[in-house]
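The next block holds one structure in the form of C-alpha cells; read it before the comments.
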Amino acid sequence: MHKRSLCKLPYSKFLADQLNEVITNVGVENFAAIVSDHASACAAAKKKIAERHKHILSIRCIAHHVNLISTDICKTTFAKDIIAKCQKIVKYFKQSHQAGKELRERITNEIKGGGLKNYVVTRWTTAWDCTNSILRLEQILKNVRRYYIFA
C-alpha cells in the first residue's frame, strides 16, 4: 500500500482524532513523542499528529522491535536446537516423579529464582526464561543426574 493512501484509512483518522483529544486535554506542552507499533493505522495516525504538532516525535515501540528480533532469532537452526535441548531437560524433570522431586527439593534449599521454565512459542520472553533456568540450575541438574545414575 502506498504511504499516501495510509492517511486515508478511517481507523488512522479515528486514532489521530483520539490522540489529538488526549493531547489537547493533557496539554500539548506535556508531550514530546508518541510511541506505538508500526501497524499502518498507527503509523498514519502518528504522522498526522507529528504534522500538526511539530515538536511531537513519532517513535516506534522498542519492545515491539525486540519482540520481532527475538522471534526471528528463535527461528534460526541454532536457537531451535538449543531450545529443543532445554525443553528435553525441562520435560524430563516435569515427567519424572523422583528426579523432579529431588530437583525441586534442591532448588528450594540451594537456589533463588525458582525452578525450570518452559518455552512457549507465543511468549517470546520464555526462550530466555527457559535457557536461563537451565544455566542457573546447571550444577544442581548435574548433581541430580549423578545421584540417579550412580544410585
Side-chain angles (χ1 to χ4, degrees), residues 1-16 18-19 22-23 31-51 53-151:
M1 190 180 288
H2 191 271
K3 286 185 178 182
R4 294 183 118 208
S5 63
L6 290 177
C7 297
K8 295 179 183 176
L9 293 172
Y11 191 64
S12 66
K13 181 174 179 352
F14 169 77
L15 287 175
Q18 295 298 302
L19 289 168
V22 171
I23 290 167
F31 285 85
I34 296 176
V35 180
S36 75
D37 66 11
H38 203 62
S40 59
C42 293
K46 290 189 304 182
K47 182 178 178 185
K48 288 179 183 182
I49 297 298
E51 288 170 353
H53 306 286
K54 300 293 184 201
H55 74 283
I56 297 178
L57 301 173
S58 172
I59 300 175
R60 292 183 183 182
C61 176
I62 191 67
H64 183 70
H65 284 282
V66 171
N67 179 346
L68 294 173
I69 291 167
S70 298
T71 300
D72 287 347
I73 290 169
C74 287
K75 290 177 184 175
T76 66
T77 303
F78 175 77
K80 283 181 182 179
D81 290 346
I82 295 292
I83 292 169
K85 289 173 183 173
C86 289
Q87 280 297 95
K88 283 182 183 178
I89 294 169
V90 171
K91 184 177 178 179
Y92 171 77
F93 282 100
K94 298 253 183 210
Q95 290 181 346
S96 171
H97 177 73
Q98 289 179 321
K101 180 181 177 192
E102 181 69 23
L103 179 65
R104 285 188 300 278
E105 286 174 1
R106 289 181 185 227
I107 289 170
T108 302
N109 297 328
E110 301 174 33
I111 297 288
K112 291 182 181 178
L116 294 172
K117 308 293 184 197
N118 274 317
Y119 170 64
V120 181
V121 175
T122 58
R123 301 285 184 256
W124 60 274
T125 58
T126 62
W128 161 261
D129 294 336
C130 179
T131 54
N132 185 53
S133 72
I134 300 290
L135 292 172
R136 186 172 33 81
L137 299 171
E138 181 179 10
Q139 193 56 52
I140 288 179
L141 291 168
K142 287 177 180 177
N143 291 344
V144 170
R145 185 189 75 189
R146 266 190 234 115
Y147 176 79
Y148 280 96
I149 290 174
F150 299 116

N118 versus T126, closest heavy-atom pair with distance: O-CB, 3.6 Å
For A16 and A45, the nearest pair of non-hydrogen atoms, with its separation, is N-CB, 3.7 Å
Nearest heavy atoms of H65 and R60, plus distance in Å: NE2-CD, 3.3 Å
Distance in Å, L141 CG paired with I107 CD1, rounded so as to fall on 0.5 Å steps: 7.0 Å
State whether the side chain of T131 and the backbone N or O of W128 hold a donor-acceptor pair below 3.5 Å, judged by distance alone. yes
L15 versus C42: any side-chain heavy-atom pair under 4.5 Å? yes
Heavy-atom distance under 4.5 Å between the side chains of V35 and C61, does that happen here? yes
From L116 atom CG to R104 atom CZ, the distance as rounded to the nearest 0.5 Å: 10.0 Å
Work out which heavy atom in G115 is nearest to a heavy atom in S133; give both atom names and the distance. O-CB, 3.7 Å
Closest heavy-atom pair and its distance - I49, I34: CG2-CD1, 3.2 Å
Output the distance between atom NZ (K75) and atom CD1 (I83), rounded to the nearest 0.5 Å. 12.0 Å
State, yes or no, whether a side-chain contact exists between K117 and V90 at a heavy-atom distance under 4.5 Å. no
I need the E102 CD to N143 CG distance, nearest 0.5 Å. 9.5 Å
State, with a plain yes or no, whether a side-chain heavy atom of V144 is found less than 4.5 Å away from one of F93. yes
All heavy atoms of I56 vs all of F31, minimum pair found to be CD1-CB, 3.7 Å
Report yes or no: does S70 contribute a side-chain atom to a donor-acceptor pair with the main-chain N or O of N67 at less than 3.5 Å? no
From E51 atom CD to S58 atom OG, the distance as rounded to the nearest 0.5 Å: 10.0 Å
About how many Å separate NZ of K94 and CD of Q87, when rounded to the nearest 0.5 Å? 9.5 Å
